[in-house]
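Comments concern the structure below.
Both counts, for ligands and for their atoms, begin at 1 and track the order of listing. Starting from 1, each residue takes its place in the sequence as its number.
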Amino acid sequence: MANIFFVLGTRPEFIKIIEVVNELQSKSNHKIKLIFSNQQSKLIKKYMNNNIIHYDLEIKKFKNDSEFISSFLVKMEKLNNKIDIDYLFVQGDTNTAYAASLFGFFKKISIIHLEAGLRTFNIHKPYPEEFNRQSISKITNIHLSQTQSSKQNLLKEGIDKKIFVVGNPGIDYLVKNIKHNKIKNKIIKDSILITMHRRESLSSSLEIFIKNLKKFMKKNLNYQINWPLHTNPKILRNIKDNFKAEDNDNINFLKPQKYVDFLKLMMSSEFIITDSGGVQEEAAYLGKKLLVARDLTERIDIINLKLGYLIMADGSKLEKIMNYFNKKKVVNKQNTLKWRKSQGYGKSSKKILNIFNKNLE
Ligand code: UDP
């Protein structure tokens, strides 16, 4: 029996670990506890019932990455004096995941990394996530990769520790929520859902993306956009500065949506334009017409399967890809099925439970 501490602080971390936590808490002998960093306090409050958290590091005020990471390390030192940690479980590429792994490295605590091996191979895109995930891999003991291609990336980097291909427990959460809430895939023609939040886009490309989007919308009045805005104040300012009231007839700006409401929006949309990692995975799983507003993506299988198309962070290929889809191009069903298989059909957490029962003492 091991003491496993899950560390989380952001919305996607919650969505991707919660089914693993539920599975292990109900069906394993391991002791499962959650440590919360507070990295995205505003976004995550909508999702999380506070009583699932066992330890709150309460990092509430931080102006930059250095403040967040240093504060995380100091607070973990204090917490570690009071508790006995066998494994730190981290997800993805956030500063919370990076700081927790670094702490584990300093203390010689084993790290389990979920979503291991995603790569763009460009340390600045996405920023700081690509650096975070590459660094976490160097100090991880058990790598849980979503797909075979992620595993290959790790092997190429000479990683010889345990690597397991487990699918995507974020998709477990999606499948469960669709079923429980009986959400139907009723598509509203010409509806577009947008999410944008990448930090590296904020300096200039988001502004150009907005120009390209407005140009496209002016020429194509049939489209209707739903755009839940991220809480990042720089994004909100960018939107405020670049959209005037008359631009907004066909655009519905929304607050960050609760997961089930966002799921309903995804299901009813014909097109999804996003720079988000998780939304790319979910949109491809749902077989949506997916435009990836990035120069590069680490979800390269989605591009290779032609389930998503890169339109660049500045949206310079938005019009071209929308026109491509409108020439009656539908998403390739066979490839959607391949993607669904690789994501584990909603049974990824069960796979992780079996791995832990066999491999952790
Ligand atoms: N999401 C949500 N409400 C929203 C926008 C996104 O619940 O208004 C969910 C979405 O379904 C996905 C996750 O949040 O599971 C993606 O989070 P985000 O884009 O912040 O992070 P990333 O996936 O890029 O790390």
- Message: Just to confirm my output: which protein heavy-atom neighbour is closest to atom 9 (C) of ligand 1, and how far is it?
- Response: I15 CD1, 3.7 Å
- of all protein heavy atoms, closest to atom 7 (O) of ligand 1 is Y47 OH, 2.2 Å
- Item | G278-ligand 1 polar pair, N/O distance under 3.5 Å | yes
- Query: With side chains defined as the heavy atoms from C-beta onward, is the minimum distance between L213 and I225 less than 4.5 Å?
  - Reply: yes
- Message: Can you name the atoms of ligand 1, numbered from 1 with element, that are less than 4.0 Å from a heavy atom of P228?
- Response: 8 (O)
- Do N168 and E281 have a side chain donor and acceptor closer than 3.5 Å? yes
- Among K255, R11, E281, whose heavy atom sits nearest atom 20 (O) of ligand 1? R11
- Item | Salt bridge K219-E319, side-chain N to carboxylate O under 4.0 Å | yes
- For atom 1 (N) of ligand 1, what's the nearest protein heavy atom and its distance? F262 CD2, 3.6 Å
- Query: What part of Y259, side chain from CB on, backbone N/CA/C/O, both or neither, has a heavy atom under 4.0 Å from ligand 1?
  - Reply: both
- Item | Sidechain-backbone polar pair: R198 side chain, D275 backbone, donor-acceptor under 3.5 Å | yes
- Query: What residue and atom, counting heavy atoms only, is the protein's closest point to atom 15 (O) of ligand 1, and at what distance?
  - Reply: E282 OE2, 2.5 Å
- Item | No-hydrogen, no-angle side-chain donor-acceptor test under 3.5 Å, N222 and D190 | yes
- Taking atom CZ of F105 as the centre, report whether more than 12 heavy atoms of other residues, nucleotides or ligands fall under 6.0 Å from it. no
- Query: So which bit of H197 gets within less than 4.0 Å of ligand 1, heavy atoms only: side chain, backbone, both or neither?
  - Reply: side chain
- Subset of ligand 1 atoms that lie under 4.0 Å from at least one heavy atom of P256: 8 (O)
- Query: Among G92, A283, S276, whose heavy atom sits nearest atom 22 (P) of ligand 1?
  - Reply: S276
- Item | Close side-chain approach of P169 and I17, heavy atoms under 4.5 Å | no
- Query: Looking only at heavy atoms, is any part of R198 under 4.0 Å from ligand 1, and if so is it the side chain, the backbone, or both, or is it neither?
  - Reply: side chain
- Message: Quick check on contacts: which atoms of ligand 1 are under 4.0 angstrom from a heavy atom of G277?
- Response: 22 (P), 23 (O), 24 (O)
- Query: Does ligand 1 have a heavy atom under 4.0 Å from the side chain of Q257, from its backbone, from both, or from neither?
  - Reply: both
- Is the shortest distance from a Lys or Arg side-chain nitrogen in E77 or K107 to a carboxylate oxygen in the other one below 4.0 Å? yes
- Message: What I want to check is whether the side chains of Q91 and E115 have a donor and an acceptor closer together than 3.5 Å.
- Response: yes
- Item | From R119, H143, E157, residue fulfilling side chain to side chain donor-acceptor pair (under 3.5 Å) relative to S137 | R119
- Query: So which heavy atom in the protein is nearest atom 25 (O) of ligand 1, and how far is it from that ligand atom?
  - Reply: P12 CG, 3.5 Å
